[in-house]
2 protein chains.
Amino acid sequence: MTFAKLAVFTEHQQQIAKLAKALSHPARVAILEHLAKVGVCISGDIANELPLARATVSQHLQELKAAGLIKGTIEGQTVCYCIDPEGYQQLIDHLGGFTTNNKPTSCC
Amino acid sequence: MTFAKLAVFTEHQQQIAKLAKALSHPARVAILEHLAKVGVCISGDIANELPLARATVSQHLQELKAAGLIKGTIEGQTVCYCIDPEGYQQLIDHLGGFTTNNKPTSCC
DNA sequence: GTTGTATGACGCAAATATACGACACATTCG
DNA sequence: CGAATGTGTCGTATATTTGCGTCATACAAC
């Protein structure tokens, strides 16, 4: 994506982009919804629910973990995944900044 | 991105993905921040603020408009862009669903 | 009419994302 | 120990995104 000029953007902006990118794919949204609904976190369960290969699900889980939206803890043979509220809060806070600073009748 | 299996995902999920994708790029976040800060909406101004070509900015604006995060109205010679709070509210509402349904101590 | 400004559309090349199969590793059970 | 199960990683093919140059259009000023 030609991120040569990525350095010119604020860390703040990149942080938002990172969190948003984690949600920018229906598969990841589905994973999060499943986690939120079931609450249980076994990777295999997610792979069974979604029409995706285990490798793909594992990859998505990794990205979500990297973005800070989920946590993963090893639990013997299985791995436990669950939602990390901090990441959401962070994103929601950032989003709030756009709307609160908004000046409604400036021109439109 | 091999979206052959896209049909299996909920419209709800795809809507979130669409909104999130609009925020998944630092350039677009920068555009939105600029709009939120200045409140004025001339496309050329945005192109001057960012280290991107006008064509690129125009493209980003188009994507943001398609996602429903900004509005664009023609105003004589110039085009007026401003933030559309509805899109944000929609996204924030969706995000809230994840955290509220969260069962904290289910396994982690 | 001609020039300059403001915007958007088309097409291209490079970078990235996505999905998958196959393999390697750890743990549990017989 | 050997088999079975659950996970993660690696390499690869395809689809998409991204950024830019270039061109076409619309309007105002001279």
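Just so we're on the same page: letters track the sequence lines, and every chain starts at 1. Because the structure is a prediction, the values reported are computed rather than measured.
Taking 4.0 angstrom as the limit, H25(A) places a side-chain polar atom (N or O) nearer than this to OP1 or OP2 of dA19(C). Taking only side-chain nitrogens and oxygens, K21(A) comes nearer than 4.0 Å to OP1 or OP2 of dA17(C). Distances shown here put a side-chain N or O of H60(B) below 4.0 Å from the OP1 or OP2 atom of dG19(D).
Across all strands, T56(B) comes closer than 4.0 Å to base atoms (heavy-atom distances). I42(A) comes within 4.0 angstrom of the backbone, heavy atoms only, and of no base.
Listed nucleotides dT7(D), dC20(D), dA19(C) differ in distance to A53(B); the shortest reach to its side chain belongs to dC20(D). Listed nucleotides: dT7(D), dT18(C), dT18(D). Nearest to the side chain of T78(A): dT7(D).
When side chains are defined from C-beta on, Q89(B) counts as touching D93(B), because their heavy atoms get closer than 4.5 Å. Side chains of I46(A) and L50(A) form a contact here, defined as non-hydrogen atoms less than 4.5 Å apart. Contact check for L32(A) versus Y88(A): side-chain heavy atoms found under the 4.5 Å cut-off. The side-chain heavy atoms of K65(B) and L61(B), taken from C-beta on, include no pair separated by under 4.5 Å. Residues V79(B) and I42(B) are not in side-chain contact: their nearest non-hydrogen atoms beyond the backbone lie 4.5 Å or more apart. Here the side chains of I83(A) and L69(A) are not in contact, with every heavy-atom distance at 4.5 Å or above.
End-to-end axis angle of the helix from dG1(C)-dC30(D) to dG30(C)-dC1(D), using five pairs per end and rounding to 10°, comes to 20°.
Remark: E49(A) pairs with no residue by the side-chain hydrogen bond (donor to acceptor under 3.5 Å, both in side chains) rule, at least two apart or across chains. Residues forming a side-chain hydrogen bond (donor to acceptor under 3.5 Å, both in side chains) with Q59(A) (at least two apart in sequence, or on another chain): none. Here E86(B) pairs with nothing under the salt bridge (Lys or Arg N to Asp or Glu O under 4.0 Å) rule; sequence neighbours left out.
Remark: C1' of dA17(C) and CZ of R28(A) are 8 Å apart, rounded to the nearest angstrom. Going from atom CG of L61(B) over to atom C1' of dA6(C) covers 13 Å, rounded to whole Å. Atom CD1 of I70(A) and atom P of dT7(D) are 13 Å apart (whole Å). Rounded to a whole Å, the CG atom of L52(A) is 15 Å from the P atom of dG8(D). Straight-line distance from the CG atom of L50(A) to the P atom of dA19(C): 10 Å, rounded to whole Å. Between I46(B) atom CD1 and dG19(D) atom C1' the separation is 17 Å, expressed in whole Å.
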Protein-nucleotides 9-12 of chain D N/O pairs under 3.5 Å:
{"from": "dT9(D)", "atom 1": "OP2", "to": "Q62(A)", "atom 2": "NE2", "distance (Å)": "2.5"}

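R28(B) places no side-chain N or O within 3.5 Å of a backbone atom of H60(B) that could act as its donor or acceptor partner. Between the side chain of S24(A) and the backbone N or O of K21(A) there is at least one donor-acceptor pair closer than 3.5 Å.
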One character per nucleotide, please: for nucleotides 24-29 of chain C, 5' to 3', B when the base has a protein heavy atom closer than 4.0 Å, S when only the sugar-phosphate does, - otherwise. ---BS-
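Sequence order on DNA chain C of the closest nucleotides to D45(B) and A27(A) puts D45(B) first from the 5' end.
Counted by atom type alone, E33(A) and H12(B) present one or more donor-acceptor pairs between their side chains at under 3.5 Å.
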